[in-house]
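Working notes for the structure below.
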Amino acid sequence: MDPLDENMRRWSTRLRDDLGVLPPESNTLFSVIAKEVGALAPEAKERVKSASPISVAARLQQLGTFNEWMILFHGSSSPSAAMAHAQVITNL
């Protein structure tokens, strides 16, 4: 399982209850989205890329960094106050 799927899996209940995304998709949401985007026509992918001032590469870099943060935070048996505060900020 992709590490991003693993982290997003924590939210599978909310994905189901709030957004209607049901298992098994809610348990592997990153992979489901990646597969759907991969299946888009080249023209559609280009429209998505050009619709935002933020590059896809920058978005992927931020997503990877956030994923590393979540692994670090949830892997700690006793998160520090600074880590808890940073998590609150990232959830705002």
Side-chain angles (χ1 to χ4, degrees):
M1 177 177 288
D2 189 286
L4 288 168
D5 279 330
E6 192 70 35
N7 278 334
M8 292 177 79
R9 194 172 181 180
R10 291 184 181 98
W11 303 100
S12 64
T13 303
R14 297 230 15 223
L15 290 167
R16 182 194 67 225
D17 296 346
D18 296 355
L19 302 175
V21 179
L22 302 175
E25 288 82 6
S26 63
N27 293 324
T28 57
L29 191 59
F30 174 77
S31 293
V32 169
I33 293 169
K35 186 176 179 179
E36 288 182 8
V37 170
L40 290 174
E43 303 82 31
K45 290 178 187 177
E46 192 54 44
R47 282 195 309 272
V48 169
K49 287 180 187 178
S50 65
S52 174
I54 301 170
S55 71
V56 172
R59 289 178 188 274
L60 288 172
Q61 190 271 335
Q62 288 299 313
L63 182 59
T65 301
F66 181 74
N67 189 54
E68 289 176 25
W69 162 252
M70 295 302 287
I71 290 169
L72 175 67
F73 183 83
H74 289 288
S76 175
S77 60
S78 57
S80 69
M83 289 176 74
H85 182 73
Q87 186 183 33
V88 168
I89 291 170
T90 60
N91 285 323
L92 293 178

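Nothing here was measured: the structure is a model prediction, and the numbers come from that model. Atoms considered below: every heavy atom in the structure, side chains included; atoms not considered: hydrogens, waters and symmetry mates.
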Q: Evaluate side chain to side chain contact (heavy atoms under 4.5 Å, CB included) for L29 paired with W11, printing each intermediate quantity in order.
A: CA-CA 10 Å; L29 191 59; W11 303 100; over 6 Å; no
Q: Taking all heavy atoms of K45 and all of G38, pick out the closest pair and write down the distance.
A: NZ-O, 3.2 Å
(Q) Between V32 and L19, is there shared hydrophobic-cluster membership here, with clusters defined by ILVMFWY side-chain heavy atoms closer than 4.5 Å? (A) no
**Q.** E6 CD to N27 CG distance, which is reported to the nearest 0.5 Å
**A.** 9.5 Å
**Q.** Shortest non-hydrogen contact from R59 toward I54
**A.** NE-O, 3.6 Å
Q.
Restricting to non-hydrogen atoms, name the atom on S26 and the atom on V21 that form the minimum distance, rounded to 0.1 Å.
A. CB-O, 3.3 Å
Q: Can you sort out the partners of Q62 under side chain to side chain contact (heavy atoms under 4.5 Å, CB included), two or more places apart, ordered by chain and number?
A: none
Q: Work out which heavy atom in L63 is nearest to a heavy atom in F30; give both atom names and the distance.
A: CD2-CE1, 4.0 Å
